[in-house]
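One structure is given below, encoded as structure tokens.
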Amino acid sequence: MAQTAQEILKMVQDQNIKIIDLKFIDMPGTWQHCSFYHNQINENSFIDGVPFDGSSIRGWKTINESDMCMVPDPETAWIDPFYKEPTLSLTCGIKEPRTGDWYDRDPRTIAQRAVDYLKDTGIGDTAYFGPEAEFFVFDDIRFDQTENKAYYYIDSVEGRWNTGKKEEGGNLGYKPSFKQAYFPVAPTDTMQDMRTEMLLTMAKCGVPVEQHHHEVATGGQNELGFRFAPLIEAADHLMTYKYVIKNVAKKYGKTATFMPKPLFNDNGSGMHAHHSIWKDGQPLFWGDGYANLSEIALHYIGGILKHAPALLAITNPTTNSYKRLVPGYEAPVNLAYSQGNRSASIRIPVSGLDPKAKRLEFRCPDATCNPYLGFSAILCAGIDGVKNKIDPGQSLDVDIYDLPPEQINKIPSTPPSLEQALENLEKDHEFLTSSGVFTEDFITNWIEYKFDNEIQPMRLRPHPYEFALYYDV
């Protein structure tokens with residue numbers, strides 16, 4: 001695929017492409033886009049950008065300072081597979097049009113600062129990330145919230161709750177049990193062809209794909225895998241991943257969601273973030289310590305564990321995120337590290353004796369996270385651990401559920417709510433801002449946005465279960 005602006009414009013001409021679609025990510029983590037007739041994009045567009053009104057983008061500009069510019073990255077080009085007219089997709093960073101500076105609140109700009117910060121420290125020069133984003137595919141989703149009602153309704157042909165349902169042509173069973181859907185063959189797994197199309201479509205969009213499979217929860221939980229990549233590229237790939245999955249599901253008459261906990265009483269969807277640091281082409285996490293980890297890797301773990309209560313305000317940024325982070329559902333609720341314990345927030349995957357495969361798996365994040373922000377924050381926490389030689393403590397290699405309460409209570413755990421995570425972030429964010437990767441303005445704006453638009457609205461509304469608890473008191 002093209003690497004330069006000149007190559008992009010030549011491809012547009014050679015392939016007679018009429019429409020160029022410019023995408024960028026807003027602060028909460030949703031792709032936005034605008035499509036241009038091809039003659040509106042020239043070489044200068046890749047330097048100064050294309051103007052747009054930023055006042056309606058969540059968490060960004062006010063109406064009196066709304067001018068912004070999208071600057072396409074030529075290395076992100078692919079032909080969008082979901083449009084009738086051949087359309088070239090390009091991912092953009094955001095610039096201030098009057099100064100030409102990169103916009104401080106633009107997530108992709110923040111990610112570039114994180115990469116530059118790693119290089120500036122001298123610790124390493126490349127941060128690789130390999131996210132594993134789980135998701136649900138449903139056949140029907142309905143929800144509403146008004147002054148006098150609140151409900152949601154979810155249905156799936158695979159839902160265990162449908163074993164007694166009358167279905168057209170007869171109910172054939174094959175509904176995977178709760179927590180037992182990892183990973184059966186057909187006919188219990190009904191989504192093989194759809195996942196294959198998702199995977200192959202991602203490959204056409206430039207994502208280096210690996211595998212796909214059903215996940216643990218009943219009702220259509222799935223996962224596709226793609227190869228690790230440098231931080232910004234990995235975040236780009238994750239956005240393409242989500243885009244393709246949602247659109248292929250729609251093509252099949254289904255709906256896909258990355259909501260962490262859409263179903264009660266079954267496993268939620270996480271986004272385990274595998275990552276490692278390299279320098280001069282050599283991996284830095286391999287060593288002679290615990291689980292063949294280097295001293296740098298152990299200190300890096302120490303940084304993540306120390307800052308995790310604040311870090312989760314960015315990597316687990318929704319009120320629903322904390323309904324997944326509860327004991328009993330393979331959720332990483334313990335702020336500890338282990339080479340095998342999946343209830344620990346950091347796991348060291350089996351990698352044999354290959355130093356290049358040595359990596360950490362931070363298991364807390366979920367895919368409601370803005371990946372540019374989440375990966376950057378994880379990297380900053382790890383770097384802080386290396387710079388300050390933070391001791392990660394003892395590994396957690398026992399079955400947490402076999403421990404007596406007095407020992408369990410000694411293990412730090414993840415915050416129980418978004419509100420507490422934001423409170424931790426307010427108190428502990430110097431590891432993000434001292435380097436200039438994140439600004440004080442961004443952190444303040446993030447906390448205010450989350451409180452005003454998510455926490456406070458949830459506080460004001462009665463929950464349906466409250467009627468079951470209290471109506472006849």
Identify the heavy atoms of [X] and [Y] that sit nearest to each other, and give their distance.
X      : Y      : answer
Asp366 : Ser321 : OD2-OG, 2.8 Å
Pro415 : Leu312 : CD-CD2, 3.8 Å
Val137 : Ser156 : O-OG, 4.2 Å
Ala273 : Ile378 : CB-CD1, 4.3 Å
Phe451 : Leu422 : N-CD1, 4.5 Å
Leu305 : Ser345 : CD2-OG, 3.5 Å

**Request:** Begin with the C-alpha distance, continue with both residues' side-chain angles, and end with the deciding distance and a verdict on side-chain contact (heavy atoms from CB on, under 4.5 Å) for Ile348 and Glu361.
**Result:** CA-CA 6 Å; Ile348 296 85; Glu361 178 191 5; over 6 Å; no
Just verifying a value: how many Å separate [X] [atom1] and [Y] [atom2], rounded to the nearest 0.5 Å?
X      : Y      : atom1 : atom2 : value
Phe129 : His274 : CZ    : NE2   : 12.0 Å
Tyr152 : Gln145 : OH    : CD    : 13.0 Å
Asp120 : Asp125 : CG    : CG    : 11.5 Å
Gln32  : Leu22  : CD    : CG    : 13.0 Å
Ile443 : Glu426 : CD1   : CD    : 10.5 Å
Asp21  : Ile41  : CG    : CD1   : 10.0 Å

**Prompt:** Can Thr188 and His214 be said to form a side-chain contact (heavy atoms from CB on, under 4.5 Å), step by step?
**Reply:** CA-CA 10 Å; Thr188 302; His214 209 287; over 6 Å; no
Please check: side-chain N/O of [X] versus main-chain N/O of [Y], any donor-acceptor pairing under 3.5 Å?
X      : Y      : result
Asp144 : Arg142 : no
Asp140 : Asp155 : no
Thr444 : Asp441 : no
Lys387 : Thr121 : no

**Request:** Answer yes if the ring centres of Phe136 and Phe138 are under 6.0 angstrom apart, and no otherwise.
**Result:** yes
**Message:** Aromatic contact between Phe228 and His275, with the criterion being ring centroids under 6.0 Å apart: yes or no?
**Reply:** no
Going by atom types alone, do [X] and [Y] pair a side-chain donor with an acceptor below 3.5 Å?
X      : Y      : answer
Asp236 : Tyr372 : yes
Asn42  : Ser45  : yes
Thr190 : Glu158 : yes
Asp80  : Ser89  : no
Asn320 : Thr318 : no
Tyr322 : Gln420 : no
Asp116 : Gln112 : yes
His429 : Glu440 : yes
Trp286 : Asp354 : no

Are the side chains of [Y] and [X] in contact, using a 4.5 Å heavy-atom criterion?
X      : Y      : answer
Gln15  : Pro86  : no
Ile57  : Met27  : no
Phe82  : Val244 : yes
Leu231 : Ser376 : yes
Glu197 : Lys251 : yes
Ile141 : Thr257 : no
Pro283 : Lys358 : no
Phe143 : Ile154 : no

**Request:** Check side-chain contact (heavy atoms from CB on, under 4.5 Å) between Pro457 and all other residues, then give those that pass, not counting sequence neighbours.
**Result:** Arg461
**Request:** Apply side-chain contact (heavy atoms from CB on, under 4.5 Å) to Asp428 and list each qualifying residue two or more places apart in sequence or on a separate chain.
**Result:** His307, Ala310, Phe431
**Item:** Working for side-chain contact (heavy atoms from CB on, under 4.5 Å), residues Ile8 and Phe46
**Value:** CA-CA 10 Å; Ile8 290 290; Phe46 292 84; 3.8 Å; yes
Are there over 12 heavy-atom neighbours, none belonging to [X], within less than 6.0 Å of that residue's [atom1]?
X      : atom1 : answer
Gln13  : CD    : no
Tyr174 : OH    : no
Gln6   : CD    : yes

Can you tell whether the side chains of [X] and [Y] come within less than 4.0 Å, N to carboxylate O?
X      : Y      : answer
Arg113 : Asp104 : yes
Asp189 : Arg195 : yes
Lys165 : Glu167 : no
Glu419 : Arg459 : yes

**Prompt:** Of the options Tyr300, Trp278, Tyr128, which is the one that meets Phe285 in a ring pair (Phe, Tyr, Trp, His ring centres under 6.0 Å)?
**Reply:** Tyr300
**Item:** Asp73 and Arg108: CA distance, side-chain angles, deciding distance, salt bridge (Lys or Arg N to Asp or Glu O under 4.0 Å) verdict
**Value:** CA-CA 11 Å; Asp73 181 346; Arg108 212 165 183 268; 3.1 Å; yes
**Request:** Test Thr91 against Met239 for side-chain contact (heavy atoms from CB on, under 4.5 Å), laying out the working first.
**Result:** CA-CA 10 Å; Thr91 301; Met239 295 308 297; over 6 Å; no
**Leu379: which of Val115, Val437, Ile277 passes side-chain contact (heavy atoms from CB on, under 4.5 Å)** = Ile277
**Asked** What residue among Asn316, Leu311, Val333 forms side-chain contact (heavy atoms from CB on, under 4.5 Å) with Cys364?
**Response** Asn316
**Contact list for residues 6-37, test ring-ring contact (aromatic ring centres under 6.0 Å, His included), sequence neighbours left out** = Phe24-Phe52, Phe24-Trp60, Trp31-Tyr243
